[in-house]
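What follows is a single structure, written as structure tokens, with notes after it.
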Amino acid sequence: MNFENPGAQAGVLQPRSDPAVVREGHDRPPSGGKSPLVSKAGADPLRALGRVLVWAFVTFNLLVFAFLILSSFKTTTDIFSAPWGIPSSLHLANWENAWNESGFARATLNTAGLALGASVCTLAVSAPAAYVLSRIRTRSAGPLSVFFALGLGIPAQVTVIPLFEMMSRVDLVNSLLGLFIIYTATHVPFTVFLLTGFMRTLPREIEEAAAIDGASPFRSFWQVMLPLARSGLITVLILNIISMWNETLLGIVFLQAVDKYTVSLALLNFLSSMQFSGADYGGLFAGVCILVLPMLALYLWLWRRIIEGITLGAGK
Amino acid sequence: MTLATPPAGEPRRWRGSPRSTGAFDRSRRRLFLPFVVPALVLYLAFVIGPTLAALWISFHRWDGISEMRWNGLGNYSALFGDPTFLTALVNTLIILVVAGAAIFAISFVLTMIVREMRGRSFIRSVLFFPHIVSAIVLSIVWGFIFEHNGTVNTILSKMFGAEPIPWLNSDNLFSMILIGTVWISTGLYVTIILAAVDRIPRYFYEDALLAGANAYQRLRFVTLPLSWDVISVAAIFWTISSLKIFEFIYAFGGTTNDLPPPAVWNSALFVYGESFGGRSPSYLFGYASASAILMLVLFTVLIVVLRRLLRRDSIEF
């Protein structure tokens, strides 16, 4: 295919100058996104107070996460006697216990498989639907998009009882496969919704060029649209992975056997077992870290995309 | 965004293009059904179908095992005489309104401050972070910080010699849950509002400044009107997500191997508590479904009203 159609590219890639940003005589040139209002406003004591509050909030969040990680290396006595101290020695026993004896190894495997598999399946089902809903104008495309968006407003507590009944009839209760199907299906509305919005913003010209070059619509979807929409696809994939990794309500209803638990269920199980086996807060925080750290890693790696995806949902 | 502006049929842009795109468009229409049907089937079978089934179940007495028995509107009228449900209803609405107002007020103030700060993208990503952490973890941390011999009481007693404050006793627990909800949600709305505010061209602010507008006037006449679209969507988004809150409250049951006290239940906990949850589940499927449907209807009405209230002519810029 030949995409080097100058007419099509002109619309997409034409460099735009924004004359409004710098006006002669009035403004300093923009410097690294810093507003020219800063210097004026900086003296305002209210604003200074505001900054202190923002930093306090930021510090609080950072301390909380430092606390989680530090505590996972401490003994329970250490956690209570010096909650903010550096652990006296790396108490790796917490992690060993959580990983081997409290079933977190199995749970991590279960959750990772569920979240990765189901989010990929959701995407595979939703991307084609979003493509035709955003690109083909039939009478039903608009109402169908709205119909999919309605699904965003239906909370799991409404559907959980009928779903349980449905799945128990086909013997898919207490089964990871059953939860896999449910996760895949319940994330379809959000995924279709986000991708339809995203694909609407993509330029049509490249697809037009592909059409002129004789590409079939399917090929145009596969070889033009999907690569174009790559960033949106990855974003929604990650958002779904995060949502499935942390999901709890459907998990506690559908999974009963300990060897099928997801990480959040293993953590809740650990929490309630402390009633009998004594307070092992070190182990608890090791479990907490097993639930948090994969998402933290994903976030550190892809935070820009995650934040873009969230704002994409709310913006235009 | 679809919730904000239902997709109107854009004018066809193919008109006047070469014939090949017309043929392309026609043959693309044949993709419509095969591409849409798999997603639609999953959606109908696992979201819409179960919602309608919940409506049907809500008119029955049913424990999931024995025959369903028709109960008409009996479940619904029983709900209004059930103090546990009324508490859950009020709690859900308090979370929606009180926590929501706090979240939006704080987010707006933070956005206004953060947008002019150095290191704003670092600040934003730290504030946002709780949103991607499991609410169970946040709940455990929140409980740990405010426990009887937890962090806050330790600090208070070391600094001021204060007696430990019972933050998490039955009188205070729901307030602490509210504050915790504000803590975990604020970063998300700061992020959303910040993105909207960033799209406003700077020259509007400069003009306002030249005209002598103070900070409040800039907020009132520039920021608010020009980010209104996103704010109204965010408000609807909060309404939807506030109904879904479950884990953060659930994990306050803590080490008791049971649900948290009914005084802090919201709608989701009520449904779970009346069906599968607790040490000895009650399996009142009809009753639980009735409460879920009632809340869904209530929130649908709220969203419709909210959309009407928040509707402004959108400003193009």
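Everything numeric here is computed off the predicted structure, so don't read it as measured data. In the text below, chain A, chain B and the rest are named by the order of the sequence lines, each starting its count at 1.
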Requested in this report: Would you mind checking which part of B/A196 comes under 4.5 Å of any heavy atom in chain A, side chain (CB onward), backbone (N, CA, C, O), both or neither?
Outcome: neither

Report summary line: The interface call for B/M295 against chain A, heavy-atom contacts under 4.5 Å, is neither

Report summary line: Turns out that what part of A/L239 lies under 4.5 Å from chain B's heavy atoms comes down to neither

Query raised in the report: Is it the backbone or the side chain of B/I231 that comes under 4.5 Å from a heavy atom of chain A, or both, or neither?
Result: neither

Report task. May I ask you to check whether over 12 heavy atoms, not counting those of B/R279, lie within 6.0 Å of atom CZ? Result -> yes

Query raised in the report: For B/S291, is it the side chain, the backbone, both or neither that has a heavy atom under 4.5 Å from a heavy atom of chain A?
Result: neither

Requested in this report: Give, as side chain, backbone, both or neither, the part of A/L249 having an atom under 4.5 angstrom from any heavy atom of chain B.
Outcome: both

Query raised in the report: Is it the side chain or the backbone of B/I140 that comes within 4.5 Å of chain A heavy atoms, both, or neither?
Result: side chain

Query raised in the report: In terms of heavy-atom proximity below 4.5 Å to chain A, should B/I145 be classed as side chain, backbone, both, or neither?
Result: side chain

Query raised in the report: Which residue out of B/F129, B/Y272, B/F285, B/F246 racks up the most heavy-atom pairs below 4.5 Å with chain A?
Result: B/F129

Query - Contacting region of A/F148 [heavy-atom separation from chain B under 4.5 Å] - result: both

Query raised in the report: Tell me, side chain or backbone of A/W55 under 4.5 Å from chain B's heavy atoms, or both, or neither?
Result: side chain

Report task. Examine whether an atom of A/V64 lies under 4.5 Å from a heavy atom of chain B, and if so say whether it belongs to the side chain, the backbone or both; otherwise answer neither. Result -> side chain

Report task. Would you check if the side chain of A/Y299 reaches a backbone N or O of B/S125 as a donor-acceptor pair within less than 3.5 Å? Result -> yes

Query - Max heavy-atom pair count under 4.5 Å with chain A, selected residue of B/P38, B/A53, B/S134 - result: B/S134

Report task. Test side-chain contact (heavy atoms from CB on, under 4.5 Å) on A/M295 and B/V133 and set out the steps. Result -> CA-CA 7 Å; A/M295 294 301 104; B/V133 173; 5.9 Å; no

Report task. Against chain B, label A/L298 side chain, backbone, both or neither, depending on which of its atoms sit under 4.5 Å from a heavy atom there. Result -> neither

Report task. In sequence, state the C-alpha distance, the side-chain angles, and the governing distance for A/F60 and B/W183, and then conclude on ring pair (Phe, Tyr, Trp, His ring centres under 6.0 Å). Result -> CA-CA 10 Å; A/F60 178 75; B/W183 165 51; 5.5 Å; yes

Requested in this report: Under the side-chain contact (heavy atoms from CB on, under 4.5 Å) rule, what do A/H187 and B/F46 come out as? Steps first, then yes or no, please.
Outcome: CA-CA 10 Å; A/H187 284 77; B/F46 291 90; over 6 Å; no

Requested in this report: Tell me, for B/L296 versus chain A, whether the close heavy atoms (under 4.5 Å) come from the side chain, the backbone, both or neither.
Outcome: side chain

Report task. Please look at A/F221 and chain B and tell me whether the side chain, the backbone, both or neither of the residue comes under 4.5 angstrom of a heavy atom of that chain. Result -> side chain

Query raised in the report: Which atoms of B/V271 come close to chain A, meaning under 4.5 Å heavy atom to heavy atom: side chain ones, backbone ones, both, or neither?
Result: side chain

Query raised in the report: What part of A/S216 gets closer than 4.5 Å to chain B, counting heavy atoms only: side chain, backbone, both or neither?
Result: backbone

Query raised in the report: What residue in A/I242, A/T186, A/V54 has the most heavy-atom pairs under 4.5 Å with chain B?
Result: A/V54

Query raised in the report: chain B heavy atoms under 4.5 Å from A/L144: which part of the residue, side chain, backbone, both or neither?
Result: side chain

Report summary line: Okay, A/V188 and chain B: the region with an atom under 4.5 Å from a heavy atom over there is side chain

Query raised in the report: Contact part of A/F218 toward chain B, heavy-atom cut-off under 4.5 Å: side chain, backbone, both or neither?
Result: both

**Report entry** B/F299 versus chain A, the contacting section by heavy-atom distance below 4.5 Å
**Finding:** neither

**Report entry** Proximity breakdown for B/L44 and chain A, heavy-atom pairs closer than 4.5 Å
**Finding:** side chain

Query raised in the report: Can we say A/E207 and B/R28 salt-bridge, meaning some charged N sits less than 4.0 Å from an Asp/Glu carboxylate O?
Result: yes

Requested in this report: Report yes or no: does B/R124 contribute a side-chain atom to a donor-acceptor pair with the main-chain N or O of A/I307 at less than 3.5 Å?
Outcome: no

Report summary line: Honestly, the part of A/V292 sitting under 4.5 Å from a heavy atom of chain B is side chain

Query raised in the report: Heavy-atom distance under 4.5 Å to chain A: side chain of B/I48, backbone, both or neither?
Result: side chain

Query raised in the report: Tell me, side chain or backbone of A/I154 under 4.5 Å from chain B's heavy atoms, or both, or neither?
Result: both

Requested in this report: Can you tell which part of B/F32 gets under 4.5 Å to a heavy atom of chain A, answering side chain, backbone, both or neither?
Outcome: both

Query - A/Q157 vs B/L243, side-chain contact (heavy atoms from CB on, under 4.5 Å): CA-CA, chis, key distance, verdict - result: CA-CA 9 Å; A/Q157 70 257 30; B/L243 184 59; 4.0 Å; yes

